[in-house]
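Here is the structure we will look at, set down as structure tokens.
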Amino acid sequence: MRIEEETSTVAGLPAEPEKATLEGKNKILGFWLFIAAETTLFATMFGTYLALKGESLAGPTPGELYSLPMVAAATLILLTSSLTSVLAIMAMHRNDAPGMIRWFGITILLGVAFLGLEAYEFYEYVHEGHTFTSSAFGSSFYLLLGTHGSHVLYGVFWILALMIQGRQRGITVQTAPKFYVASLYWHFVDVVWVFIFTVVYLMGMME
Amino acid sequence: MATIIILIVFGLFLAAILTGGYNKKYLERVQQNWLWEWITTVDHKKIGVLYLTAGGFFFTVGGLEALLIRLQLMFPDNRFIVGDQYNQLMSMHGTTMIFLVALPLLFGLMNVIVPLQIGARDVAFPFLNSLGFWLYFSGGLLLNLSWLFGGAPDAGWTSYATLALNEFSPGPGVNYYVLGLQIAGIGTLISGINFLVTIINMRAPGMSYLRMPLFTWTTFVTSALILFAFPPLTAGLFMMMFERLFDTNFFTTHGGGNVTIWQHIFWIFGHPEVYILVLPAFGVFSEVISTFSRKRLFGYNSMVFAVVLIGFLGFMVWVHHMFTVGLGPVANTIFAVATMAIAVPTGIKVFNWLATMWGGSLRFTTAMLYAAGFIVMFVIGGVTGVMLGVVPADWQFHDTYFVVAHFHYVIIGGTLLGILAGVYYWWPKIFGRMLSEKWGRWNFWFFYPGVHLTFFPQHFLGLYGMPRRVFTYPSGYGLELNNLLSSLGTILMTIGLLFFLYNAVWSLTKGPRAESDPWDGRTLEWAISSPPPEYNFAQLPKIRSLDPWWAEKREGNRGMQPAEPLGPIHMPSSTYLPFVMAIGFFISGIGFVFHSVRVGVLGLLIVIVTLFIRSFQEDEGFHIHPEEEVKGT
């Protein structure tokens, strides 16, 4: 709080506006801890998937199901969106609100494209007899992928709301931590996808 | 029936908002009500009191359940509570005591005391603090509504798969368990993160990590355990929910599922949970023993080290709950060794407490009586714990009353005695009034022997072969006497707790006002008035050593040295959004309990809308000018 008073007297924004106030620092640290908690959540689901992926019963096995091109495209899209969210934060550090909003906009467009591909993929799988209830493999697959997908979906709406706030209020020591934390979230969701790509798809296709 | 109730609840909720919105007078009357102040508060001290009150309420519920259980088991072939009803009582007793009583009561103490001990004005996230409480409370309420609508969970507090699946537990019972615990669990996780950030970022100038009081240290480690232990539980409850509501195949063998997955996930959460419950109690005892021995805590650094080590090892031992599953000798041996290793840091702590008392000028107040009683009881519980860690012996003890005796010795002996010691110790600080030491002694001398009388005979019941979780036993197997003694013990415990209740009511109505430092304390919370002002410290204190308040007193100072000039203090404003969010979760929970996806989604929508309202809110808070108040007094 004392820090806030010091910085507010300086004309313009401090170099790292997200860490300029105690509230901002708290938010960022708290969010890192939240990411740690989410990591254990996903680790549990990964463990369950690994334990159950062989149990496909009469349905298709992982090797028969996955197709690399579409998953690779989804991976590329999501990784690119991580890059654009970095560009948004760089724009924020330059105090360039329109630029930041633009890059965040591209980020969520890529997020929506990823969700579209994933929905299409699930649609295909269901037609091949691979559903949430078809087998233990199906249940654990959709739990893991569905949890990740809903994180992407939530991120899209969250960043959209932040873009509106960015337009209304611009970049201040109050809004900057929000943008920063949202980009942390987006990176985390991407990292989880990298693990899904490796553990679920690549390892699944090697069998 | 269920849908009607949901609709009525929702209708009332809407009506309240709408009439309040159109009729200003009504709205003002609501806002002036004392209840509104408590619903919207973000003050860590008030939220602490809310936790203590709600925890006390659920403690009464869980305690009455235990009393009924022991009445049924008092005599052989008793027909008082039979079969399914007994299963519900026993499951709800365990679930309530672990999730709704032990941790929330500890959270109550942490909430009030930790910011005071580190010299902070509040916790890092006052809004989330309030949200955490209301989620816990609505989750607990949802769980207990099962008694009225559809029957309580009856698959044990561990809710093992197969037994807890639709096939063997039809009806909504286990749904309540799954959803109630998910909602309460989110609240717990949020509070854990909150405490971690508070302790890392908001310590007063000079309060280095190795100058933090032990209670703050144990809160810190406990919060880290919560951070890594609760998400697996959430994931497991998710699977159980899908299994019951949408017929997935995580645990059903004929769908390719595996029942041991639930056991692993549950105990990966469940064993750290044991340390989550007991470490804060260790912190309380460290404070109490040091204060009432008028000595610095013996081996402070080794105490901190032991707490961190216990926290770390706590994640390495979950399979000792599963020795009889058949995971093989290698897995069992590794986890047996890890289990016994925990006895080492725990032993360090016990010897340090004893060494703190050694040569001190002891004052046996009620808090100190509980602390001394704890050492005896916890050592017994620890010894039986090591016995259970020996795999071949565990195969004999497994699922007998020996296990019941063991975990009641550690959880009552550790956590509950810790809570009682903490309540007696910090009551003057929290409420600004003294508890009666006379009634405190009555409380202790009924409760403490009662606990031993209840649970010591259960060791022998277990060794004689009485299985746990059964509603009766035949006569003629030598089980009568010990069961009778055990049941009589619960009556002593009840009388003891009634003395406490009387003491609390007496104190709040007629008790003498507490001074700021009634026990000649050592840590920072005793340096400010009882109860503390809203902003805690008019000026943030400068911390110059371990036991900072004691050190200042030795130098003849009458207060802490300030680390900042007097100035306006920024305070967060009250908000009703956490309460609304909790209502959303509650509605959603009820919906999913009764397989109504629509009501479930409706509740979640309320939550999400509230989240976005919160995100768009510009909460600037307000400022208090303590210099005016200081001059005024």
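Only this structure's heavy atoms are used, side chains among them; waters, hydrogens and symmetry mates stay out. Reminder, nothing fancy here: chain letters follow the sequence lines and each chain counts from 1.
Proximity of A:N26 to B:M202: side-chain heavy atoms (C-beta onward) are separated by under 4.5 Å at one or more points. In this structure, the side chains of B:F250 and A:L143 come closer than 4.5 Å at one or more pairs of heavy atoms. Side-chain contact between A:T48 and B:I265 is present, with heavy atoms from C-beta onward closer than 4.5 Å. Side-chain contact between A:Q165 and B:S615 is present, with at least one heavy-atom pair separated by less than 4.5 Å.
Taking 4.5 Å as the heavy-atom cut-off, the residues of residues 122-137 of chain A that approach chain B are A:F132, A:T133, A:S134, A:S135, A:A136, ordered by number. At a heavy-atom separation below 4.5 angstrom, chain A is approached by B:L611, B:F612 within residues 605-614 of chain B.
The contact between A:L33 and chain B is made by backbone and side chain atoms together, counting heavy-atom distances below 4.5 Å. Contact of B:I193 with chain A is made through backbone and side chain together, with heavy-atom distances under 4.5 Å. Residue contact with chain A, scored on non-hydrogen atoms closer than 4.5 Å, involves the backbone of B:H254 exclusively. In this structure, chain B has a heavy atom under 4.5 Å from the side chain of A:Y154, while its backbone stays farther away. In this structure, no portion of B:F251 lies under 4.5 Å from any heavy atom of chain A.
In plain terms, the two heavy atoms of B:L189 and A:A37 that are nearest each other are CD1-CB, 3.9 Å. Considering all non-hydrogen atoms of both residues, B:I261 and A:A51 come closest at CD1-CB, 4.0 Å. B:V197 approaches A:G30 most closely through the heavy-atom pair CG2-CA, 3.4 Å. Closest non-hydrogen pair, A:L22 versus B:N201, comes out as CD1-O, 4.1 Å. Residues A:L52 and B:G256 come closest through the heavy atom pair CD2-O, 3.8 Å.
Atom CH2 of A:W103 has 12 or fewer heavy atoms from other residues, nucleotides or ligands within 6.0 Å. Atom CZ of A:F195 has 12 or fewer neighbouring heavy atoms from other residues, nucleotides or ligands inside a 6.0 Å radius. Within 6.0 Å of the CZ atom in A:R167, the count of heavy atoms belonging to other residues, nucleotides or ligands does not exceed 12. The environment of B:F312 atom CZ is sparse: at most 12 non-hydrogen atoms of other residues, nucleotides or ligands sit within 6.0 angstrom. Annotation: B:E167, atom CD; neighbour count of heavy atoms from other residues, nucleotides and ligands within 6.0 Å does not exceed 12.
Note that CD1 of B:I200 is 13.5 Å distant from NZ of A:K25, once rounded to the nearest 0.5 Å. The distance from atom CG of B:N258 to atom CD of A:E55, rounded to the nearest 0.5 Å, is 8.0 Å. Once rounded to the nearest 0.5 Å, the distance linking OG of A:S140 with CE of B:M239 reads 8.5 Å. With rounding to the nearest 0.5 Å, the separation of CD1 in B:I268 from OG1 in A:T40 is 10.5 Å.
Between the side chain of A:E23 and the main chain of B:A124, no donor-acceptor pair closer than 3.5 Å is present. In this structure a side-chain-to-backbone donor-acceptor pair under 3.5 Å is missing from A:K27 to B:F125.
Ranked by heavy-atom pairs under 4.5 Å with chain A, the first of B:F230, B:F616, B:F228 is B:F616.
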